[in-house]
2 protein chains.
Amino acid sequence: MKQPERDPPGKPGAKRATVIDVARLAGVSAGTVSNAINGKRRVDPETRSRVDAAISALGYRPNMAARGIRTGRANTIALFSSMATGVAAGPSRLGFLMEIAAAAALAALERNVALVLVPPIPEPEAALRTVPLDGALLVEPARNDPFLPFLAARGIPTVSIGAAYGMVSAQVDLNYEATADLLIDHLLEMGARDFPLLIGTSARRYFEVFEARYRARAAQIGMVPQVLRIEERLGEAAAAQVMARHLLSRPGLDGVLAPVDALATGAMMALREARRAVPAEVRVVTRYDGLRARSEAPQLTAVDLHLDMVARHAAIALLELIEGRPVASIVPGPLPQIIVRGSSRPG
Amino acid sequence: MKQPERDPPGKPGAKRATVIDVARLAGVSAGTVSNAINGKRRVDPETRSRVDAAISALGYRPNMAARGIRTGRANTIALFSSMATGVAAGPSRLGFLMEIAAAAALAALERNVALVLVPPIPEPEAALRTVPLDGALLVEPARNDPFLPFLAARGIPTVSIGAAYGMVSAQVDLNYEATADLLIDHLLEMGARDFPLLIGTSARRYFEVFEARYRARAAQIGMVPQVLRIEERLGEAAAAQVMARHLLSRPGLDGVLAPVDALATGAMMALREARRAVPAEVRVVTRYDGLRARSEAPQLTAVDLHLDMVARHAAIALLELIEGRPVASIVPGPLPQIIVRGSSRPG
DNA sequence: AGTGCTTATGAAACCGGTTTCGGCGCCTTC
DNA sequence: GAAGGCGCCGAAACCGGTTTCATAAGCACT
């Protein structure tokens with residue numbers, strides 16, 4: 001049952017090399033090998049090079065479990081997603097998540113830390129009971145995110161991507177205000193004067209921010225604010241329905257502000273159904289520039305959130321936090337840039 | 001620098017409980033606590049319940065690092081992807097990968113094992129030097145997959161999703177033959193008699209299988225085989241170009257068999273450009289039923305590969321393997337089902 | 001030569017589990 | 001009633017690292 005990992009190079013029957021083996025070969029003690037590797041204590045350069053030689057001669061790799069028992073570190077961070085993975089909730093969120101996951105995993109791996117993926121699960125307590133985690137990344141957590149209490153109870157450092165509700169160690173700014181302004185200003189520039197805001201029903205910061213900016217601007221220009229809330233779980237189809245109904249009550253509608261891509265494509269469906277030309281009669285814009293926005297016809301104007309950079313910042317901040325180094329509670333993120341496409345561009 | 005994880009419930013100043021604490025409270029020895037937890041040795045039911053009581057009273061959670069040092073287990077498996085994550089390679093692959101990742105993570109988590117995500121990296125050796133892994137999942141590895149030698153060298157049990165090239169411990173069958181037949185038969189039923197096969201240039205089993213089945217059927221019905229190879233890295237745009245050129249040489253073309261969704265949508269672009277009606281004049285079918293296939297107009301006929309189930313099977317097989325239990329070298333996967341949509345359906 | 005300080009190192013304790021080994025009590029069996 | 005077997009358990013070794021503590025060597029200074 002015990003099967004210690006066998007390691008090259010060398011005889012196939014050999015167990016994996018340990019510090020002791022390295023120490024013996026280098027003619028030093030185990031403690032010195034440890035110090036040579038980790039640089040916690042000064043080691044004579046000459047000694048160090050003997051140790052290094054022994055390490056590569058034996059193909060030594062430290063046993064992380066043994067190390068972890070003293071350091072308390074597991075060298076793993078988790079990416080938590082409270083978004084439903086079901087197809088119903090839409091592969092669009094999966095795209096969003098995956099962009100972040102890939103970039104975060106890369107940044108972590110560069111520092112020899114592994115990223116573990118935690119999809120939404122009913123009982124995080126039970127499932128993660130035996131999973132050692134040094135820290136957690138949370139993607140746009142909802143106000144009542146089920147993972148937050150769990151992480152707080154375990155005392156796990158947590159960095160959120162996008163604003164959270166104060167329960168995290170740090171957050172990377174996704175610049176919700178700037179993003180909302182970018183899209184709203186663009187709609188206005190393109191001549192839209194009567195457009196609803198489509199958002200989800202869950203309590204997420206960016207919905208709140210979009211709504212606030214939308215209402216503020218609407219008041220400024222004397223537009224009747226129209227905030228349509230759609231249960232995200234129901235996705236595109238629900239958005240199409242709500243939009244279709246809304247079109248009846250506001251025939252003069254000339255734009256749509258739908259930060260969630262699935263809601264935007266839902267609106268597009270309704271507009272096609274109602275024979276409203278996009279962008280000639282109605283301009284449509286969304287936030288997340290995923291596959292969905294790009295495969296719509298016409299393609300949707302969206303925002304480049306630089307998710308890869310955001311994810312990288314978040315992972316790095318988290319690792320700093322884990323190392324015990326101070327990190328700003330709000331890490332500035334890259335500025336969003338609008339990508340104007342056919343759905344809002346005249347001609 | 002040392003900051004042992006503090007744990008509820010109890011005084012916030014308290015260190016996390018250990019087996020020793022549990023043993024003391026239950027009035028037994030540490031060894032007995034261990035055996036009560038892991039069930040390796042018989043423990044009197046009465047004793048066990050005392051231990052259980054002590055565990056929950058103290059909120060004890062075993063330290064996985066300490067456990068791992070003896071068991072040699074890290075309780076993590078990795079999902080390796082050799083697919084490029086860049087936008088160029090297409091978010092479609094991300095969707096494919098994410099579906100698998102989510103399902104595999106879930107299946108692993110149910111068994112208290114974490115799934116770590118390994119995006120393509122230049123030097124797996126270096127980056128994963130200190131990342132402990134019990135096993136690996138490989139998604140449709142190419143023949144010269146860079147991860148394979150690494151995994152073999154480390155002696156890490158590996159399960160591939162879809163056929164590999166014999167270098168893995170086990171593989172979950174994605175039923176390439178059945179999938180190819182499903183699509184080809186469907187094209188024929190829909191009256192197509194002159195259709196090319198669009199595949200990628202990399203050495204992947206499913207390209208080989210599709211090509212073999214395609215050629216076999218073409219020979220049967222007397223169709224001139226037309227195999228178009230497109231570098232996957234270049235994606236949709238390249239497919240559109242190749243397809244446009246091909247259309248000139250075969251004006252009578254009445255179908256397209258493009259297993260990769262990005263190649264299928266590329267072909268759709270070319271067809272639109274050339275003013276060929278789909279499905280009236282040309283039927284188009286693809287394999288992966290992702291966002292891409294569904295957001296095409298008309299929607300693409302595709303195959304439900306039951307990726308979630310495949311991923312689950314793969315994760316479970318891998319965990320069995322890790323436990324040392326025997327596993328079939330080819331685990332049967334769920335049968336693919338065709339999803340007929342507008343791109344190939346008459347009327 | 002003796003004292004004090006710094007630097008480099010080895011020996012041993014330690015981390016928190018698991019596993020081995022052997023002992024004890026109790027029940028059969030001859 | 002002694003021998004043997006079995007079920008249950010405690011003591012101690014063990015896993016492979018890190019960290020503490022003591023010491024030896026080297027050097028400067030008095």
Side-chain angles (χ1 to χ4, degrees), chain A residues 1-7 14-51 54-55 58-75 112 129-132, chain B residues 1-7 14-51 54-55 58-75 112 129-132:
Chain A
M1 119 127 272
K2 173 85 178 303
Q3 41 182 26
E5 194 183 329
R6 326 250 151 202
D7 220 8
K15 278 202 184 58
R16 195 170 135 178
T18 72
V19 264
I20 306 275
D21 302 319
V22 175
R24 196 163 19 231
L25 184 57
V28 296
S29 75
T32 299
V33 172
S34 174
N35 288 316
I37 294 175
N38 303 316
K40 296 234 149 187
R41 221 170 43 169
R42 283 202 51 76
V43 171
D44 189 285
E46 200 276 333
T47 306
R48 178 191 306 271
S49 73
R50 278 215 318 284
V51 170
I55 286 178
L58 295 171
Y60 168 77
R61 277 182 309 121
N63 177 322
M64 295 314 283
R67 175 176 291 179
I69 204 179
R70 283 301 293 223
T71 62
R73 204 100 83 231
N75 286 310
N112 290 304
R129 199 168 38 88
T130 59
V131 176
Chain B
M1 120 127 271
K2 173 86 177 303
Q3 43 182 26
E5 193 182 330
R6 324 252 151 198
D7 218 7
K15 278 201 186 58
R16 197 169 135 177
T18 73
V19 262
I20 307 275
D21 301 319
V22 174
R24 194 158 25 224
L25 184 57
V28 297
S29 74
T32 298
V33 171
S34 173
N35 288 316
I37 294 175
N38 303 315
K40 295 234 150 184
R41 220 169 45 167
R42 285 202 52 74
V43 172
D44 188 285
E46 200 277 332
T47 307
R48 178 190 304 270
S49 72
R50 279 215 317 285
V51 170
I55 287 178
L58 296 171
Y60 168 77
R61 275 181 312 120
N63 177 322
M64 294 314 284
R67 176 176 291 178
I69 204 179
R70 283 303 291 224
T71 62
R73 204 98 85 232
N75 286 308
N112 290 305
R129 198 170 38 89
T130 60
V131 176

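Naming convention: chains lettered A, B, ... in sequence-line order (proteins, then strands); numbering from 1 in each chain. Since this is a predicted model, take the numbers as computed values, not measurements.
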For this session: Identify the two heavy atoms, one from B/Ile37 and one from B/Tyr60, that lie closest to each other, and give their separation to 0.1 Å.
Result: CD1-CE2, 3.7 Å
For this session: Return no unless some side-chain N or O of B/Ser34 is found under 4.0 Å from OP1 or OP2 of C/dT18.
Result: yes
For this session: Can you tell me the distance, in whole Å, between the CZ atom of B/Arg24 and the P atom of C/dG17?
Result: 13 Å
Seminar exercise, completed: When rounded to the nearest 0.5 Å, the distance separating CG of B/Asn112 from OG1 of A/Thr130 is 3.5 Å
For this session: Give a yes/no on whether any side-chain N or O of B/Arg67 is located under 4.0 angstrom from OP1 or OP2 of C/dT18.
Result: yes
Seminar exercise, completed: In short, B/Pro62 meets B/Arg16 closest at the heavy-atom pair O-NH2, 3.1 Å
Exercise. How long is the span from the CD1 atom in A/Ile55 to the CZ atom in A/Arg48, to the nearest 0.5 Å?
Worked result: 10.0 Å
Exercise. A/Asn75 CG to D/dG17 P: how many Å, rounded?
Worked result: 14 Å
For this session: Return the value, rounded to whole Å, for the distance between atom OH of A/Tyr60 and atom C1' of D/dG16.
Result: 7 Å
Could you go over nucleotides 6-12 of chain C and give all protein N or O partners under 3.5 Å, atom names and distances?
unit_1	atom_1	unit_2	atom_2	d
C/dA8	OP2	A/Arg42	NE	2.9
C/dT9	OP1	A/Thr47	OG1	2.2
C/dT9	OP2	A/Asp44	N	3.0
C/dT9	O4	A/Arg41	NH1	3.1
C/dG10	OP2	A/Ser29	N	2.8
C/dG10	OP2	A/Ser29	OG	3.1
C/dG10	OP2	A/Thr32	OG1	2.7
C/dG10	O6	A/Arg41	NH1	3.0

Problem set entry | Candidates C/dG17, C/dT19, C/dG16 - which lies nearest the side chain of B/Ile69 | C/dG16
Exercise. Is a donor on one side and an acceptor on the other found under 3.5 Å between the side chain of B/Asn38 and the backbone of B/Lys40?
Worked result: no
Exercise. Just how far, in rounded Å, is P of C/dG16 from CG of B/Asp21?
Worked result: 9 Å
Exercise. Once you round it to whole Å, what is the distance between C1' of C/dC15 and CZ of A/Arg73?
Worked result: 15 Å
Exercise. In whole angstroms, how far is the C1' atom of C/dG16 from the CZ atom of B/Arg16?
Worked result: 10 Å
For this session: To the nearest Å, give me how far apart CD (B/Glu46) and C1' (D/dC9) are.
Result: 13 Å
For this session: Find the distance A/Lys40:NZ to D/dT20:C1' and express it as a whole number of Å.
Result: 14 Å
Exercise. Say you draw a straight line from CG of A/Asn35 to CZ of A/Arg42; how long is it, rounded to the nearest 0.5 Å?
Worked result: 11.5 Å
Problem set entry | Matching residue for B/Val51 among B/Val19, B/Val28, B/Val43 - test: side chain to side chain contact (heavy atoms under 4.5 Å, CB included) | B/Val28
